[in-house]
2 protein chains.
Amino acid sequence: MSKITIRELAKELGIAVSTVSKALRDSHEISTETKAKVLEVATRLNYIPNLYASSLRRQKSRTIAVVIPEVADSFFSIAINGIEEVAREKGYHVLIYLSHESLERETEILNEFKSGRVDGLMISVTSETCTGNHITAAMNSGLPVVFFDRICEDIQAARVITDDFESGYIATRHLLEKGSLHPVFLSISSTLSINQRREAGFIKALQEAGIPEEKKSIIPCTGSDEQIAAQILQLLEPANRPDGLIASVEKLVPPVYMACQQLGCRIPDDVRVVGFTNLPAAPILQPALTTITQPAFEMGKTAAALLFKGIEKTSFDLSKETKVIPSRLMQRASSGA
Amino acid sequence: MSKITIRELAKELGIAVSTVSKALRDSHEISTETKAKVLEVATRLNYIPNLYASSLRRQKSRTIAVVIPEVADSFFSIAINGIEEVAREKGYHVLIYLSHESLERETEILNEFKSGRVDGLMISVTSETCTGNHITAAMNSGLPVVFFDRICEDIQAARVITDDFESGYIATRHLLEKGSLHPVFLSISSTLSINQRREAGFIKALQEAGIPEEKKSIIPCTGSDEQIAAQILQLLEPANRPDGLIASVEKLVPPVYMACQQLGCRIPDDVRVVGFTNLPAAPILQPALTTITQPAFEMGKTAAALLFKGIEKTSFDLSKETKVIPSRLMQRASSGA
DNA sequence: GGAATTGCCGAAAACGGTTTCGCAAATAAA
DNA sequence: TTTATTTGCGAAACCGTTTTCGGCAATTCC
């Protein structure tokens, strides 16, 4: 089964290649009968246009890139689902790149896009990414860009985010209402947008409650998984154990539960817990985990839809768009009765 | 920042475009000095080759496709990690497609590859995929294909799998040793390769143990998530509750724990549980889940490496390759003390 | 009825690299 | 010294599609 090209269709039909091309693209220059004939032969011979020839000529690839820190995280994997769904509807293909939380890698990846590799880019930045030169460089080369979830605050670009500040606030208030007197916030990166906002919501709730702002209440959890586990283990030692905590990202949830099991620390009696996560296992943990659940699927869909709008309508100024899709507090046993 | 092409490099250097091209590809026809000059100008002007022009001429795209049923499953998301790692090393790009367990969708997706869209394909088939006509069609068009995890038994092609039969056997023996007298196997699809093998291992262990092969011991769990939950809930009713069970895929784990919580069914005292899963939450479940953990990352890496070997060495007959990477039984509390 | 328009199609030039082939000079072999 | 061979480079064809442009006939408009 050799590849069949537009030339062979033309030969088969006894007409010019340009006519075939126009017929296939449903040009008004071509009569309905000719179109029908071309279409018939094309399907009969199972003609599939060569994407690269087409992309080369038209300077567009019907391909988008998704750059995320990692895929083994429920938020991102669910978001990809949403992205793929919209892409498929629109006839676009999606390339995936993992930055592994490395700014250097992210920069490398984005640099390749300047050649016109992709028609658009959706990105959730690295926790290292504070300056976005590589991103603005890509944007300046004419690439439509949509940030989703983890954005770069100082770049004027389309954003699809969730209400991280409010979620941080709500989670904290929830802990306070459940009786926690000194909740702590497990922070993963002081430069990460979502972390900053959640943290700000946390602080606001604390201030409103008249709780003195001790430095200790924000606990940085950084480094390898093992290091994080050790930090959390230390935090939950009986000596100065907090009575409530917020796991600001999904990866902090397992070490928290693990530490509690090791230390005999009871959730929620000793420490009330809320986690930012989309883990399907949240309701089956013991006790079931109260979560701030992000609208991952919707965010993926929305971001993709926005990107396609930016790609297809040149008149549309993508950079002014910001969509905020609210997260939800799923109240379960881990935060108290 | 306008796109800069190879012609502009040539003009800047005062040499022919063909020379520039060859220099950039490090051809032996070009002197070392010329190469150096070309390289200098190329980096200075930040030249990035147009992938589509290159792909069109060379008939290869340095792009592979990964087709999987879904991404929101720890196995697949970890496998993607492995794939991406190898792809990046090799300078390949990876397109991702989700079949959503639909054969029709899978067929559509594969059909597009016949145009030379990608240089190779890694696929984990749908549970609906018993006949692989669409896959052999793609293979016949010259596309190197590697199956990973969920294979199509009747297609002669490269495979990277885990020892599902042995794992099913080991999981079952483990349950029996822990005192389960009549373990059951929760099956998700009778056509799915991994399901069949795991089931076969289960049956073998039962036979060896002299347990009469009752039909009831293999429980089909199909349909929507809600339907599956209902089926499992019914199964675990006290009346004829099994004393051990194997969740043959990850998505069955939450409904099992959920049902036990609802019914007051104690794990492992009432029912011993083993699950096939890579869930990071497995150790923090109460009780911690005994798992058959698949080498997802290694499988992704191995499959990708194999595919690239098949792509790059035409002499290499991919279709005869089968790599089996063993899974591991992670013994935890859910299967008994 | 002549001019202007419209409808339909074909030839050829793009798109931006890669590759083949040929040519001249330099080197090696005879 | 003559003949082969090698080395380094340039001209042009090529990959498969899209698009511009022009042409011819049929139609519409004064």
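Residue numbers start from 1 in every chain, and the chains themselves are labelled A, B, ... in the order their sequence lines are given, proteins ahead of strands.
- Regarding B/Lys35, its NZ atom lies at a distance of 12 Å from the P atom of D/dT7, rounded to whole Å.
- Within the nucleic acid shown, B/Leu51 has no heavy atom closer than 4.0 Å to any nucleic acid atom.
- Taking atom CD of residue A/Gln59 and atom C1' of nucleotide D/dT19, one finds them 13 Å apart after rounding to whole Å.
- Phosphate proximity of D/dT17 to A/Tyr47: present, with a side-chain N or O under 4.0 Å from OP1 or OP2.
- For the pair A/Phe113/A/Tyr97, a side-chain contact is recorded, criterion being any heavy-atom separation below 4.5 Å from C-beta on.
- Per the geometry, CD belonging to B/Glu29 stands 12 Å off P belonging to D/dG10, to the nearest Å.
- Within the 4.0 Å cut-off from OP1 or OP2 of D/dC9, at least one side-chain nitrogen or oxygen of B/Ser31 is found.
- Contacts of A/Arg7 with the nucleic acid, taken as non-hydrogen atoms under 4.0 Å apart, include base atoms.
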Could you give the side-chain donor-acceptor pairs of residues 10-25 of chain A under 3.5 Å, partners two or more places apart or in another chain?
from    : atom 1 : to      : atom 2 : distance (Å)
A/Lys22 : NZ     : A/Glu29 : OE1    : 3.1

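- Among the atoms of the strands shown, base atoms are found under 4.0 Å from some heavy atom of A/Ser21.
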Stepwise, does the salt bridge (charged side-chain N to carboxylate O under 4.0 Å, His left out) test hold for A/Asp119 with A/Arg62? CA-CA 6 Å; A/Asp119 294 348; A/Arg62 295 197 85 74; over 6 Å; no
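- Both B/His28 and B/Leu56 sit near DNA chain D, but only B/His28 has its closest nucleotide nearer the 5' end.
- Counting 5' to 3', DNA chain C first comes under 4.0 angstrom of a heavy atom of chain B and last does so at the ends given by C/dG16 to C/dC21.
- Residues B/Leu143 and B/Leu110 have side chains not in contact (no heavy-atom distance under 4.5 Å, counting atoms from C-beta outward).
- No side-chain donor from either of B/Ser115 and A/Asn50 sits under 3.5 Å from a side-chain acceptor of the other.
- Atom CZ in B/Arg58 sits about 16 Å away from atom P in D/dC15, given to the nearest Å.
- Going from atom NZ of A/Lys11 over to atom C1' of D/dG16 covers 14 Å, rounded to whole Å.
- Taking the ring centre of B/Phe147 as origin, the terminal cationic atom of B/Arg159 falls outside the region bounded by 6.0 Å and 45° from the ring axis.
- Atom CZ of A/Arg25 is separated from atom C1' of D/dT20 by 15 Å (rounded to the nearest Å).
- As rounded to whole Å, 13 Å separates atom C1' of D/dC14 from atom CG of A/Asn50.
- Heavy atoms of A/Ser55 sit nowhere under 4.0 angstrom from any nucleic acid atom.
- Taking atom CD1 of residue B/Ile15 and atom C1' of nucleotide D/dA11, one finds them 14 Å apart after rounding to whole Å.
- When the shell of 6.0 Å around CD of B/Gln156 is examined, it contains more than 12 heavy atoms from other residues, nucleotides or ligands.
- Heavy atoms of B/Thr5 sit under 4.0 angstrom from primed sugar atoms or phosphate atoms, though from no base atom.
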